[in-house]
Each structure stands twice: as C-alpha cells, then as structure tokens.
Amino acid sequence: MTPQSTPLAVDVLIVGAGAAGMMCAIEAGRRGRSVRILDHARAPGEKIRISGGGRCNFTNLGTGPANFLGENPRFATSALKRFTQHDFVKRVDRAGIAWHEKTLGQLFCDDSARQIIRMLTDDMRAAGVVLSLGVSVERVDRVGDIYAAALSDGSVVRAASLVLATGGKSIPKMGATGWAYETARGFGLRVTETRPALVPLTFEAGLLEQLTPLAGVAVDASVSVSVIPASSSPKGDRPTFNEAMLFTHRGLSGPAILQISSYWREGEAITVAMAPGEAVYDRLKAAKEANGKQMVHTALGHILPRRLAESVCDREAVRGKLAEVGDKTLRRLDAAVNAWTVKPVGSEGYRTAEVTLGGVAVDQLDQQTMAAKTVPGLFVIGEAVDVTGWLGGYNFQWAWSSGWAAGQAC
C-alpha cells in the first residue's frame with residue numbers, strides 16, 4: 001500500500017474502503033489476487049472510526065438471520081454462517097485488541113475504534129493490497145471481460161472483478177452517496193427502495209409543542225409498530241424492542257426508537273410502553289388506598305420520571321388527588337403509560353441515520369459469493385445490498401461476512 005504501487009491493471013478493483021471493502025480486499029489478496037481498493041475519503045474506515053462512540057461495536061454475539069431486514073432476510077444466512085461473529089472475534093484477539101461485552105451481546109473495543117481500522121489496514125498491507133485514498137470513480141464500463149474505471153486523478157484502472165462496497169446514503173457529511181446503487185442499476189441490477197434506518201423519529205408541530213418540555217428524559221421502554229411489515233422477520237412476527245427511549249427536541253430517539261425506525265413507515269403509528277412490566281393501574285390503586293390525599297402525578301412519579309408523569313397527567317387531563325379519581329381514570333392512565341400510541345410524522349433522515357435500508361436486490365446476487373448473477377465479475381457487498389441489520393453490531397458483522405464471502409470468489 002505504497003504511493004509507488006498504483007497498478008493500472010489488477011485482478012480485483014474494490015470501490016469503498018469501509019468495513020466490507022477492506023475485508024474483501026484482505027481475503028482476495030490472501031488468495032494471491034492483485035487487489036486495488038479505492039475511496040474518495042482521505043482515510044479508510046471512517047464509519048468504523050465514529051461507531052460505538054469511538055469504540056466500534058464491531059459485532060454481536062447473537063448474530064443470525066432474524067436480526068436482519070430486507071426483501072429476503074434469509075439471503076444473509078450463507079455468508080453469516082461461513083464467516084461468523086466468532087471468526088471475527090478471533091481476528092480481533094490475534095491483533096491484541098482488548099474488548100468487552102455490553103448489553104444484548106454487543107462487543108466493543110476497550111480502547112479505540114482506530115484499533116479495528118489499523119488491524120484491517122495491516123492485514124491489507126500483508127496481503128499485498130494497494131490502497132488509494134482521496135480518489136473516486138468518475139465512470140466505469142465493462143469492455144469484454146474487463147472493467148475499465150476512469151478515476152478522478154485522470155487514470156484508468158482495468159480489472160477482471162469489480163466490487164461495489166461504498167455503502168449507502170447514511171451520514172452524507174462523511175461523503176456517503178448512492179454511487180453503488182447507481183452503478184448497479186447501470187449494469188442492469190434491480191435496486192429496492194432505499195430509506196434512512198436506525199434513525200430518530202420526529203413529531204408534527206402540535207404534538208412536539210406538548211412534548212418538548214420532556215427533551216432529555218429517558219426511560220426503558222418497549223416499542224412496537226402498529227402494522228407488521230413484510231420484511232419484519234422470517235416468521236413475520238411483530239417487531240418489538242425493549243431498550244432505552246429518549247425524548248428529544250424533534251421527537252423520539254434512543255436504541256428502542258432507532259430499532260423500530262427500520263420497520264416504521266410514514267402514516268403508521270408506533271405503540272410505546274414507558275413502564276414495561278409495571279402494572280400501573282394496580283400500583284396507582286394501591287397508592288390511592290394507602291394515601292388518597294397524594295396527588296395523582298406524584299403517585300405516577302414513583303413509576304415514571306417526574307416530568308414524564310406530569311406530562312402524561314396533563315395530556316390525559318387528570319389532576320387532583322388520588323381520592324378524587326375513579327378507577328376508570330386510573331385505567332386510562334395505565335393505557336397512556338403502557339399503550340401510548342403515537343404517529344411520528346417522519347424521521348431525521350440520512351443526516352443522522354446509522355444505515356440505509358434497502359439496496360441492491362438480493363435476488364440479483366449469489367448468496368454464497370455476493371456475485372451478480374447476470375454480470376460476470378461484478379460483486380456487491382455490505383450496506384449496498386438489501387440486507388440491513390438491527391442496532392448493536394449486526395451491520396458490521398454483515399460487512400465482515402459479506403466481504404469475506406466475496407473475497408473468496410472475486
């Protein structure tokens with residue numbers, strides 16, 4: 001990966017030096033293929049660098065097909081089984097990178113995400129891969145059996161195999177574009193609808209005015225969608241996530257909301273339990289019997305954060321002392337807490353979305369090799385494919401697995 005080593009003819013040209021692209025480059029290089037990997041960024045693995053608060057949630061111990069969305073989530077099974085989360089952890093261990101497990105099987109570096117990037121770039125260097133940064137592909141054509149890519153530096157690279165690894169549209173300030181989708185379409189591949197995923201949800205002005213005072217309040221919540229989406233899971237279960245939820249100046253965020261955003265669609269509602277596992281009616285009824293002079297919002301404040309308890313009471317127009325409130329009203333408060341149905345007006349979009357939902361349709365690709373079925377020598381990997389994981393390291397594991405699979409064949 002030195003400046004003087006910039007071949008204009010290679011076996012494999014990979015566009016995108018992110019997680020999937022670098023993994024593919026390593027594997028192809030180890031097979032003896034001459035590999036050049038390009039990125040328009042000035043440094044490789046920029047999404048790796050910022051992930052997990054700078055510590056990179058590099059995989060999840062529970063990774064399986066059920067943790068992914070798309071037209072056919074089972075498409076991911078082959079790659080995930082052939083290069084598993086445990087295989088990647090072994091590489092992390094061999095590199096001497098200390099890590100720890102957080103909740104729900106999420107693995108993070110003890111120190112810095114830069115350690116993962118360094119591991120990958122070291123492995124690329126050892127495999128003889130040529131890395132070119134600050135250069136983009138202006139045009140790519142297939143001439144006979146060879147791909148010819150015209151680069152922004154004025155050169156033309158020819159390759160037998162072309163790998164699209166530039167990801168999706170999420171976080172455009174880091175240079176994310178829809179280049180992989182456009183290029184795939186140019187070669188005749190079908191691309192499914194794309195949209196922001198793992199993204200905060202927003203409210204309309206009227207509701208936002210009511211809830212803005214709650215900005216910064218967080219609760220452990222259970223969040224589900226009102227309509228079961230076709231891509232919900234291999235079993236078609238109703239997606240429900242039990243994690244933290246955060247009220248913001250724009251609407252709702254936090255892990256539970258980011259998770260459900262991948263399943264939510266405009267015009268639909270979400271249902272939120274803000275005290276899951278709590279029998280709110282029973283607790284309020286007991287509080288009423290023990291001390292009827294206690295204010296309703298005070299009693300509810302023993303179950304929810306104080307500001308949230310006051311907001312729920314205001315929204316339901318329930319005021320006064322417990323002794324003055326009937327059972328029907330207490331049940332209404334119970335529903336307002338643990339069956340709050342609210343309709344977001346939208347999301348914060350690609351600006352803050354962690355990933356892009358949708359991409360190159362999986363029926364266009366071979367599940368074992370990630371090769372295009374109708375275009376010899378063309379491969380699509382990582383986020384550019386219509387395979388989207390949950391929050392918690394799943395998307396990185398898809399990048400490692402799909403990159404590894406393509407690297408065995410390109």
Side-chain angles (χ1 to χ4, degrees), residues 10-21 23-25 27-28 35-40 65 68-80 136-151 157-170 176-197 230-231 350 355-389 395 398-399 401-410:
V10 292
D11 294 325
V12 184
L13 176 63
I14 301 171
V15 186
M23 177 61 84
C24 180
E27 293 305 307
V35 181
R36 186 172 176 188
I37 183 170
L38 312 174
D39 203 295
H40 62 187
F68 294 85
L69 300 80
E71 282 187 341
N72 177 16
R74 291 188 180 278
F75 173 88
T77 303
S78 177
L80 292 172
S136 57
V137 177
E138 302 288 338
R139 177 184 174 87
V140 61
D141 298 294
R142 189 162 182 263
V143 183
D145 295 332
I146 298 296
Y147 291 91
L151 307 186
V157 179
R158 292 174 173 79
S161 295
L162 173 66
V163 183
L164 309 184
T166 55
K169 300 177 182 178
S170 56
T177 70
W179 184 86
Y181 309 140
E182 296 160 10
T183 303
R185 285 193 187 99
F187 284 110
L189 302 187
R190 183 171 69 89
V191 178
T192 67
E193 176 192 3
T194 56
R195 56 185 290 118
S231 62
Y350 288 116
V355 294
T356 301
L357 186 67
V360 176
V362 296
D363 63 3
Q364 308 289 288
L365 306 174
D366 182 284
Q367 65 179 343
Q368 290 194 329
T369 65
M370 306 306 297
K373 293 178 179 178
T374 58
V375 188
L378 180 65
F379 297 77
V380 190
I381 58 177
E383 191 182 348
V385 181
D386 179 23
V387 173
T388 304
N395 286 294
W398 170 244
S401 297
S402 61
W404 183 92
Q408 311 307 309
C410 63

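Here the structure is a predicted model, which means the values were calculated and not measured.
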Item to check | Side-chain heavy atoms of Val375 within contact of Arg142, under 4.5 Å | outcome: yes

Next on the checklist: Using 0.5 Å steps for rounding, measure from the OG1 atom of Thr388 to the CG atom of Asn395.
Outcome noted: 6.5 Å

Checklist entry - Out of curiosity, Leu164 CG to Phe379 CZ, how far, rounded to the nearest 0.5 Å? => result 10.5 Å

Checklist entry - Within the distance-only criterion (no hydrogens, no angle test), does the side chain of Ser402 pair as donor or acceptor with the backbone N or O of Gly382 below 3.5 angstrom? => result yes

Next on the checklist: Rounded to the nearest 0.5 Å, what separates atom SG in Cys410 from atom CG in Leu378?
Outcome noted: 11.0 Å

Checklist outcome for this item: Ala160 and Ile146 have their tightest heavy-atom pair at CA-CD1, 4.2 Å

Checklist entry - Can you tell which of Val362, Val387, Thr77, Asp386 makes a side-chain contact (heavy atoms from CB on, under 4.5 Å) with Asn72? => result Val362

Checklist entry - Does a donor on one side chain and an acceptor on the other come within less than 3.5 Å for Glu383 and Ser170? => result yes

Item to check | Test item: Tyr147 and Val12 side chains (from C-beta on) under 4.5 Å apart, heavy atoms | outcome: no

Checklist entry - Would Arg195 and Thr356 satisfy side-chain contact (heavy atoms from CB on, under 4.5 Å), going step by step from the backbone distance to the final call? => result CA-CA 6 Å; Arg195 56 185 290 118; Thr356 301; over 6 Å; no

Item to check | Residue pair Val137 / Thr183, side-chain heavy-atom distance below 4.5 Å | outcome: no

Checklist entry - Would a distance-only check, ignoring hydrogens and angles, find a side-chain to backbone donor-acceptor pair under 3.5 Å from Asp366 to Gln368? => result yes

Checklist entry - Which value, rounded to the nearest 0.5 Å, describes the distance between Leu80 atom CG and Trp398 atom CH2? => result 6.0 Å

Item to check | Ionic contact status for Asp363 with Arg190, cut-off 4.0 Å | outcome: yes

Checklist entry - For the side chain of Thr369 and the backbone of Ala409, is there at least one donor-acceptor N/O pair under 3.5 Å apart? => result no

Next on the checklist: If you apply the rule side-chain contact (heavy atoms from CB on, under 4.5 Å), what do you find for Thr177 with Thr166, and how did you get there?
Outcome noted: CA-CA 8 Å; Thr177 70; Thr166 55; 5.5 Å; no

Checklist entry - Tyr350 side chain to Val355 main-chain N or O, any donor-acceptor pair under 3.5 Å? => result no

Checklist entry - CG of Leu357 to CG of Leu69: how many Å apart, nearest 0.5 Å? => result 6.0 Å

Item to check | Nearest heavy-atom neighbours spanning Ile14 and Ala165 | outcome: CG2-CB, 4.1 Å

Checklist outcome for this item: When every non-hydrogen atom of Gly358 is compared with those of Thr194, the smallest separation belongs to C-CG2, 4.0 Å

Checklist entry - Can you find a heavy atom in the side chain of Val157 that is under 4.5 Å from one in the side chain of Leu151? => result yes

Item to check | Minimum heavy-atom distance between Ala406 and Ile381, given as atom pair plus value | outcome: CB-CG2, 3.5 Å

Next on the checklist: Set out, in order, the CA-CA distance, both residues' side-chain angles and the distance that settles side-chain contact (heavy atoms from CB on, under 4.5 Å) for Gln364 and Lys373, then state yes or no.
Outcome noted: CA-CA 6 Å; Gln364 308 289 288; Lys373 293 178 179 178; over 6 Å; no

Checklist outcome for this item: Ile37 and Ala25 have their tightest heavy-atom pair at CD1-CB, 4.3 Å

Checklist entry - In Å, rounded to the nearest 0.5 Å, how long is the span from CG of Asp11 to CZ of Arg36? => result 14.0 Å

Item to check | Test log, rule side-chain contact (heavy atoms from CB on, under 4.5 Å), inputs Val380 and Val163 | outcome: CA-CA 6 Å; Val380 190; Val163 183; over 6 Å; no

Checklist entry - Looking at Ser401 and Ala79, what are the two nearest heavy atoms and their distance? => result CB-O, 3.5 Å

